[in-house]
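All remarks here apply to the structure that follows.
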Amino acid sequence: MPELPEVETVRRSLLHIIGNRIDAVVVYERRLRRPVPEELADAVAGCHIEAIERRSKYLLCRLSSGATLLVHLGMSGTFFVRPSGQLRQRHDHVIFGLSDGTELVFNDPRRFGVVLFGPESGFTELARIGIDPLGDGFTAAELWTLTRGRSKPIKNLLMDQTLLAGIGNIYANEALFRAGVRPRRQARGLRRIEVERLFGCVREVLREAIELGGSSISDYRDGRGQPGYFQLRLQIYDRGGEPCINCATAVTRVVLGGRSTFYCARCQR
DNA sequence: CGCACCCCCTGCCGGC
DNA sequence: TGCCGGCAGGGGGTGC
């Protein structure tokens, strides 16, 4: 579910809890993609939340102890605030009681997510993160450089987190459709004009998605329980067999890198 | 090194 | 109604 726009939306929706003290932490389920550290509860209790940042699809909660709480939502995770004292829901794995009488909940049915704790430099998952596609470091020239000499399909390049950090399956499909580029094209085969167009479309689709609060395909919600609305603007994702919005050609579905890939054989070359 | 293929896990949907 | 296969927003490991 959560790609860069959804994670960024969650981050923004949680900014209001900054300044809270974490009073108590209860871990109900340690078996996530990586086990929740045994020492997390004791180490985090008593700390204040000083900032909430995002790197790629990871959320980083800066704590007053100097350590960082690292959260990844995987495919099905949610990270949200609710009043304390409510019944634990199915798949609530970690609950952080906050000093303002609310609690911060990590819920994840598929358990592909991550809740880790430690100094930021210690997180191996952040070591190989690529360029933030919304940051200043991402330019058309940079995308051009990334595509040179790489034989992999351009869609796989967009989704390679070691190159570009935060683009997932939905937004890779959408950006390529907007740019008129076929997902299977070899990255190194793209012409300069195509790379420039794709660059603009990547930024545009991510920005628009954030503005609309991300895409709620099934059960995605932000940190306040609100859905996103960008799914209403999806032009190609999950539309296999349906008419292209530009030319009415049936949308093609193929599998690339194990992920469903959608494109219009007429509009995308 | 790149890449195709699996796996992790639960839930949902469609077909029978 | 219920069972089964396929599929899902991510990421990591293996073997070629």
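By convention in this document, chain letters (A, B, ...) are assigned in the order of the sequence lines, proteins followed by strands, and residues within each chain are numbered from 1. Atoms considered below: every heavy atom in the structure, side chains included; atoms not considered: hydrogens, waters and symmetry mates.
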What distance, rounded to whole Å, do you find between the two P atoms, one in B/dC5 and one in C/dC7?
14 Å
Step-by-step side-chain contact (heavy atoms from CB on, under 4.5 Å) determination, A/Ile217 to A/Asp238:
CA-CA 10 Å; A/Ile217 297 296; A/Asp238 205 23; 5.6 Å; no
In this structure, how many angstroms lie between the P atom of B/dC3 and the CZ atom of A/Arg188, rounded?
9 Å
With no hydrogens and no angle check, is any side-chain donor or acceptor of A/Arg182 less than 3.5 Å from a backbone partner on A/Ala265?
yes
Can you tell me how far P of B/dG2 sits from CE of A/Met159, to the nearest Å?
17 Å
Go through the steps for A/Ser215 and A/Tyr171 under the test side chain to side chain donor-acceptor pair (under 3.5 Å), then give the verdict.
CA-CA 10 Å; A/Ser215 301; A/Tyr171 298 106; 2.7 Å; yes
Determine yes or no for a side-chain-to-main-chain donor-acceptor pair under 3.5 angstrom, with A/Asp108 supplying the side chain and A/Phe112 the backbone.
yes
Watson-Crick or G-U wobble mate for C/dT1, both contacts under 3.5 Å:
none
In whole Å, what is the span from the CD atom of A/Gln161 to the P atom of C/dG10?
8 Å
If you measure from the ring centre of A/Tyr220 to the centre of the six-membered ring in the base of C/dG9, is it under 5.5 Å, with the planes under 30° apart?
no
Between C/dG11 (P) and A/Arg111 (CZ): distance, integer Å:
18 Å
Closest-nucleotide ordering on DNA chain B, the 5'-leading residue of A/Arg110 and A/Gly257:
A/Gly257
To the nearest Å, how far apart are A/Asn107 CG and B/dC9 P?
17 Å
Establish, with yes or no, whether the OP1 or OP2 oxygen of C/dG10 is under 4.0 angstrom from a side-chain nitrogen or oxygen of A/His72.
no
Separation of A/Lys57 atom NZ from C/dG9 atom P, in whole Å?
10 Å
Tell me what A/Arg259 touches on the nucleic acid: a base, only sugar-phosphate, or nothing, going by heavy atoms under 4.0 Å.
base
So, is A/Ser151 near the phosphate of B/dC3, with a side-chain N or O under 4.0 Å from OP1 or OP2?
yes
Among C/dG9, B/dC9, B/dG11, which is the nearest nucleotide to the side chain of A/Pro109?
B/dG11
G-U wobble or Watson-Crick pairing nucleotide for C/dG11 (cut-off 3.5 Å, both distances)
B/dC7
Distance below 4.0 Å between A/His91 side-chain N/O and B/dG11 OP1 or OP2:
yes
Could you check how far CG of A/Asp160 sits from P of C/dG12, rounded to whole Å?
11 Å
At their closest point, which heavy atom of A/Phe96 faces which heavy atom of A/Val115, and how far apart are they?
CZ-CG1, 4.3 Å
Is A/Tyr171 close enough to C/dG9 that one of its side-chain N or O atoms is under 4.0 Å from OP1 or OP2 there?
no
Pick base, sugar-phosphate or nothing for A/Arg253, based on heavy-atom distances below 4.0 Å to the nucleic acid.
sugar-phosphate
Taking the nucleotide of DNA chain B with the nearest heavy atom to each, does A/Lys152 or A/Arg90 sit closer to the 5' end?
A/Lys152
Could you state the CZ-C1' distance from A/Arg34 to C/dG13, rounded to the nearest angstrom?
14 Å
Sugar-phosphate, base or nothing in reach of A/Gly168, heavy atoms under 4.0 Å
sugar-phosphate
Identify which nucleotide among C/dG12, B/dG2, C/dG9 has an atom closest to any side-chain atom of A/Tyr58, counting heavy atoms from C-beta outward.
C/dG12
Is the A/Tyr28 to A/His93 ring centre distance short of 6.0 Å?
no
